[in-house]
Amino acid sequence: MNIETVVNDVKGRLEVVGTRAQGAAEASIETLKLANDVLLNGVQGVVKTQTEAGKALFEAGKASFEKAKTAGLVAVVQNPIEYLPEGKDTIVGAFDETVKIATKTGEELVKVVKTGYETVAAKVAGKTTAKRAKAAGGKRKTTAKKAAAATEQTTAAA
């Protein structure tokens, strides 16, 4: 073996490794973008739910205060329970909705991360990936399609 053959062999191997590493990096970035979208949508859902519940509780408290103010101090002292705001159903409903959103977001995030890991592992090994990240929701579907297209482009380049 002469030096030129060894150098050419090393160059060829480095090009393959570089292409695979670039594909893995691109797949990792796309996975992080998808995961960010999933988390962002989950957090926005929780914020919306809690904000609506807070507004409803505030209105109930305000109405209860007005009722107590109109009835007078003696009526409130005689039957204070009658003037407490109704809010138990609102609080329980908001909690249940938050749990549902957190569970759904966690499940979607696991799918995205698992698929991303499989894609990166396939890129490093130089294989094509059969699975693609599947995310529910309008913006996330578009992002998933973009990620799939980018993954296919990098696979074709390798």
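Since the structure is predicted, the reported quantities are computational estimates derived from the model, not experimental observations.
How far OG1 of Thr115 is from NZ of Lys111: 9.0 Å, rounded to the nearest 0.5 Å. Atom CD of Gln44 and atom CD1 of Ile101 lie 11.0 Å apart (nearest 0.5 Å). Note: Lys55 NZ to Lys62 NZ = 13.0 Å, rounded to the nearest 0.5 Å. Here CD of Glu26 is found 7.5 Å from NZ of Lys123. Values are rounded to the nearest 0.5 Å. Interatomic distance, Gln50 CD to Leu57 CG, rounded to the nearest 0.5 Å: 9.5 Å. Considering CD of Gln78 and CG of Leu73, their distance stands at 10.0 Å, rounded to 0.5 Å.
Considering every non-hydrogen atom in both Glu82 and Asn79, the closest pair reads OE1-ND2, 3.0 Å. The minimum heavy-atom distance between Val124 and Arg20, with the atom names listed, is O-CD, 3.3 Å. Here the closest non-hydrogen pair linking Val120 and Ala24 is CG2-O, 3.7 Å. Taking each heavy atom of Ala60 and Pro85 in turn, the nearest pair found is O-CB, 3.6 Å. The nearest pair of heavy atoms linking Ala56 to Thr90 is CB-CG2, 3.9 Å. Of all heavy-atom pairs between Val113 and Thr31, the closest is CA-CG2, 4.3 Å.
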Checking salt bridge (Lys or Arg N to Asp or Glu O under 4.0 Å) for the pair Lys33/Glu30: CA distance, chi angles, key distance, verdict?
CA-CA 5 Å; Lys33 287 179 182 177; Glu30 289 302 318; 3.7 Å; yes
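Looking at Leu34, Leu39, Asp37 one by one, the single match for side chain to side chain contact (heavy atoms under 4.5 Å, CB included) with Val112 turns out to be Leu34.
Side-chain contact annotation: Asn8 with Thr5, donor-acceptor N/O pair under 3.5 Å absent.
Salt bridge Lys100/Asp96: absent, no basic N to carboxylate O contact under 4.0 Å. Contact check on Glu107 versus Lys104 returns no salt bridge, with no Lys/Arg side-chain nitrogen under 4.0 Å from an Asp/Glu carboxylate oxygen.
By the 6.0 Å contact criterion, CD on Glu4 is open, its count of non-hydrogen atoms from other residues, nucleotides or ligands being 12 or less. Residue Glu86 places its CD atom among 12 or fewer non-hydrogen atoms of other residues, nucleotides or ligands, all under 6.0 Å distant.
Leu84 and Val77 are assigned to two separate hydrophobic clusters, defined by single-linkage of ILVMFWY side chains at heavy-atom distances under 4.5 Å.
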